[in-house]
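Comments concern the structure below.
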Amino acid sequence: MSVITPATCPSHHGPNARCLKCMGSGATPPPAVPSVSPPPHCTHGPSVHCPRCSAGMASKPAGTAARGRVPWLCTHGPGVKCVNCLAAASPSPSPSPTPAAAATAAGAAATSTTPQQRKQQRRQPCRHPSNMRCPNCMVPTPGEIDETEMCQHGPHGACAHCMPKDAPSAAPPVFRCRNHGPHGSCIECMSRLDQAKLRIKSQTDSHCVRARMDLASANAFQAFVQGQKFNTRRVGFLYGTFDDAGSTTVHAIYEPPQKANKTDFELLPDRGGETADAIATLFGLRRVGWIFSHAARPQILTATEVSMAAAFQAQYDPRFVTVVLSALSPEEQSAKGAGQTKVEAFQVSDQCVELHHAHQIVLPCSNPDAITVRNSVYVTAAETNTIDAHLLMLNIPMVSHQQSIFALCNFPIENRPGYEQKLSDLKVHLMREAARPFTDRLADFHLLLYLVNQGLFSISTDMPPLCDLVRRKVRDRSQIEGFEMLLSGLVG
């Protein structure tokens with residue numbers, strides 16, 4: 001009986017393959033290939049792992065070689081590779097980095113690349129378009145959190161995430177209703193917007209409880225207006241003090257440059273206003289109010305005047321007062337007598353100041369009796385864009401006093417139409433008040449203002465010591481002799 005070899009086997013398999021015919025003929029088997037038998041019940045090659053063999057591999061000590069090729073699973077020739085032939089590569093063990101080294105490496109990677117670059121690197125395995133998200137690109141790595149990814153608006157929108165944190169105009173996030181999209185509306189949204197609207201109410205308590213007006217200053221202002229027969233309106237700023245009891249005390253009135261007629265006025269650019277403020281500060285005074293006059297009319301304060309009062313209260317102080325000098329109506333003149341005037345003090349409510357801060361008041365006011373606002377408000381449960389001016393006014397009790405810091409108020413007042421202050425006015429004033437002590441003769445707010453405006457005295461060097469002498473009513477000639485000689489030389 002002839003011996004069947006793999007080369008003469010009628011099955012026509014490769015030289016390294018075996019079948020029942022060539023194996024049962026007593027042929028010499030090929031040399032054994034060193035291999036490792038798979039674990040029980042495993043039917044896969046060395047490059048595949050299942051729970052059984054994975055558990056067995058995990059139980060092996062470190063450094064144990066991986067399983068080799070299982071020869072009885074290969075049925076191909078020597079030049080062909082299959083899953084069984086491809087032995088699993090054994091990765092070379094590498095030492096694990098220490099926590100400090102890992103933190104250093106993470107910090108170096110975070111500083112070497114920008115968040116956008118790290119985000120692109122992380123998204124490389126993703127296969128979806130750039131405007132989509134998957135679990136791989138949604139999980140940020142340390143140092144890669146970019147708040148702009150939280151934005152839910154389009155490219156032309158803005159929210160609290162994409163706006164600069166130190167921007168003064170950064171508004172809080174826009175309310176997004178859970179019931180609809182950004183352009184929809186529902187009962188909940190309408191109720192929220194309704195609650196956000198301002199409800200105009202009459203204010204009972206004012207910041208200023210009483211106004212005290214210097215009698216001499218008020219008489220000088222009233223005399224000029226009456227001399228014009230109320231045909232020209234007049235405006236002035238009040239200088240005085242606020243006390244802890246809530247009273248506003250006026251010591252002087254400064255009349256800035258202005259252009260006016262019988263019904264209207266306009267404040268012109270004022271270069272002497274800073275000088276008036278500086279002199280008032282040397283006496284411990286500040287702007288505490290304003291005063292204006294008008295002829296007989298139905299309105300005590302027009303809508304334009306209410307808006308100006310709100311602007312002044314917002315600029316200077318909540319206790320800033322508005323004083324109105326008005327002519328009497330024919331009915332009031334018949335009852336009180338001709339030539340009488342009326343002086344009243346007011347403030348505007350906090351809601352009016354709030355409307356001014358929010359730029360809600362529409363200027364100029366076309367209706368003298370009502371203020372028009374840009375966004376609707378509620379007035380007595382009715383939604384409207386007009387507010388009665390009287391609803392925003394508060395009347396302030398007013399009294400007069402004669403204890404002003406300035407003993408005199410008879411020097412010609414600045415910026416009066418048709419008259420310009422002259423050096424001869426200073427000479428006449430000093431001669432007329434010659435019986436008074438020197439410091440009392442200079443205790444006139446308008447006189448001190450004239451000395452600075454005409455360049456006779458310096459506001460920074462001459463006025464501080466001079467105003468201190470006047471304020472303390474110094475009588476010592478050794479202290480006032482220098483100023484007295486200087487003024488005598490100026491007026492001759």
Centroid separation Phe237 to Tyr254 less than 6.0 Å: no

Qualifying residue for side chain to side chain donor-acceptor pair (under 3.5 Å) with His446, from Gln421, Glu255, Glu414: Glu414

Tyr450 side chain vs Lys422 backbone, donor-acceptor pair below 3.5 Å: yes

Row check, Tyr239 ring normal vs Arg286 NZ/CZ: under 6.0 Å, within 45°: no

Shortest non-hydrogen contact from Asn410 toward Asp444: N-OD2, 3.1 Å

Under 3.5 Å donor-acceptor, Asp440 side chain and Arg436 backbone: no

Among Thr304, Val306, Ile300, side chain to side chain contact (heavy atoms under 4.5 Å, CB included) partner for Thr302: Thr304

Ring centers of Phe406, Phe283 separated by less than 6.0 Å: yes

Gap between atom CD of Gln299 and atom OG of Ser326 - 0.5 Å precision: 12.0 Å

Check: Pro256 main-chain N/O paired with Gln258 side-chain donor or acceptor under 3.5 Å: yes

Polar side-chain atom of Arg472 near backbone of Val474 as donor-acceptor pair, under 3.5 Å: no

Under 3.5 Å donor-acceptor, Gln313 side chain and Val348 backbone: yes

Arg374 side chain to His359 backbone, donor-acceptor under 3.5 Å: yes

